[in-house]
Structure formats: structure tokens, C-alpha cells
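Okay, so here's the structure we're looking at.
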Amino acid sequence: MKRAVIFDLDGVITDTARYHYLAWKRLAESQGVHFDEAFNEHLKGIDRMGSLDLILASSPRRYTQEEKLALATAKNEHYKVLIATMTPSDLLPGAMQALDDCRAAGLRIGLASVSRNAFTVLDRLGITDKFDYVVDAGMIAKGKPDPEIFLVAAQALGVPPADCFGVEDAVAGVASIKAAGMYAVGIGDPATLRQADVVIPSLAQFRLSDYVAA
């Protein structure tokens, strides 16, 4: 019987991809690099500095590490301005109901997000109090698919990994859940999230009774 659930944030509870796209596009174009939706697809699942390196690889000039850090910081500051406009209406379908169902069932609820702005997003969505513990990128040494983020969340929740299940929309996230020894609920395409134990289109199809006894 599962006693805790650990959710990913982006793509599961809300979708900040558009804000990342706009922030990266502004930075890229400031450096004379063409940036469009197709380019943006290559950045999915890649951390901030890795994404920056991909963008700057298309620039004719070379950058020092200090310049790269300054550009990454500028991108993040613009992103924070954009996400400051978020409201509870930006919750994805079924997200609030899923959180409420888990709470009503007595489950411990965690968040495992590689975003360094997770707390800001939760605050804007009005759901910070829905979580017993939040792990973000600043609290871990290794990102997904390493299991660290889910193991840290489980430990903080006081529940063994085997008694937890995770909810993720990315291949790396599902791999992280499985490596942590947890049951994995995938959000998205079953053909893509093949490592997940079960895959649903969105949290609108989340049925807690299907997972707690798994």
C-alpha cells in the first residue's frame, strides 16, 4: 500500500514551457542567434547551462564562463518576470483534484522539480500548502534521470521509496522514479514513456485507487 506520492511540477501540475521559450528566445536573439519552436524542442530536459551552450554554439563568437553565467542569470530574471503573471488558472486540468484526492486519502505529498523557481510557481498557483515537502534543483547534486531528487523527497516525507509512487511527464523523470525504486505514473504518450508502470494523458484521468495498491 502506497503511503506517499511525489509529483513533478512542469508538464504535470502546470506548464511553464511557454515562458521558458519566450525567455530563451529573447536571450538568443540578443546574441544574434535565430531561435524558434523547433530549436526550443532540442532544449527539453536539458538544464539551464546546457541549454545556453546549445544556443551559443550557433553564435559566431566565443564566450567566457563569466559571460555565460551572466547570460544565464539574465534569462532566468526574465523568466521570473514572466512567471510572476501566473495564476491558479494556469493549473493543468485535474491537478487540483488529484492533490485534494491524495490529501483526503491521507497520503504524504511531495514535489520533485528540477526548476530553481519551483517555490515561486507554487506560490503563484496558490498550491504551496498542498505539499508536505518540496525538493528543487538547489537541493540536489544530480538531476534527473538520477534518482536523487525522488530519494531526497521520500526521505523528507518519512516514507520508504517502495511505499511511494511518482508522477512524471518526461522520460528522464520516469527513469528517475524507477531508479529510486518507486512505482511510476507517466503523463503523456505510452510509446514515449515506456518505462512507466502506467501512463495517462493528464491528471484529469488520475485515479488514486489505481496506484495506491500497486
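Only this structure's heavy atoms are used, side chains among them; waters, hydrogens and symmetry mates stay out. Keep in mind that this is a model prediction, so the values were computed, not measured.
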Item checked: Those residues that, when tested against D100, pass salt bridge (charged side-chain N to carboxylate O under 4.0 Å, His left out) (two or more places apart) -> K130
Margin query: I need the full list of salt bridge (Lys or Arg N to Asp or Glu O under 4.0 Å) pairs touching residues 106-116, with sequence neighbours left out, sorted by first then second residue.
Written below: R108-D132
Next item on the list: Identify, with sequence neighbours excluded, every residue that meets ring pair (Phe, Tyr, Trp, His ring centres under 6.0 Å) alongside Y19.
Entry: none
Checklist line | side chain to side chain contact (heavy atoms under 4.5 Å, CB included) against S209, all qualifying residues, sequence neighbours excluded | finding: none
Next item on the list: Just jot down the side-chain hydrogen bond (donor to acceptor under 3.5 Å, both in side chains) partners of D53, sequence neighbours excluded, or say none.
Entry: K68
Next item on the list: List in chain and number order the residues that pass side-chain hydrogen bond (donor to acceptor under 3.5 Å, both in side chains) with Q97, two or more places apart in sequence or in another chain; answer none if no residue qualifies.
Entry: D101
Checklist line | ring pair (Phe, Tyr, Trp, His ring centres under 6.0 Å) contacts in which one or both residues fall within residues 149-200, not counting sequence neighbours | finding: F165-Y211
Next item on the list: Could you tell me whether the side chain of S202 reaches within less than 4.5 Å of the side chain of L92, counting heavy atoms only?
Entry: no
Next item on the list: With sequence neighbours excluded, give me every side chain to side chain donor-acceptor pair (under 3.5 Å) pair touching residues 159-170.
Entry: K144-E168
Margin query: Run the side-chain hydrogen bond (donor to acceptor under 3.5 Å, both in side chains) test against D10 and tell me which residues pass, sequence neighbours left out.
Written below: T16
Margin query: Under a 3.5 Å threshold, yes or no: a donor from one side chain and an acceptor from the other, between T87 and S89?
Written below: yes
Notebook entry, point to check: Looking at L203, I6, I177, D8, which hits side chain to side chain contact (heavy atoms under 4.5 Å, CB included) with V167?
Noted result: L203
Notebook entry, point to check: Considering residues, nucleotides and ligands other than Q205, do more than 12 of their heavy atoms fall under 6.0 Å from its CD?
Noted result: yes
Notebook entry, point to check: Does K25 have any salt bridge (charged side-chain N to carboxylate O under 4.0 Å, His left out) partners at least two apart in sequence or in another chain, and if so, which?
Noted result: E29
Item checked: For H42, all residues meeting side-chain hydrogen bond (donor to acceptor under 3.5 Å, both in side chains), sequence neighbours excluded -> none
Check: Checking T73 side chain against L69 main chain: does a donor-acceptor pair fall under 3.5 Å?
Finding: yes
Notebook entry, point to check: What pairs meet the ring pair (Phe, Tyr, Trp, His ring centres under 6.0 Å) rule with one or both residues in residues 71-120, with sequence neighbours excluded?
Noted result: H20-Y79
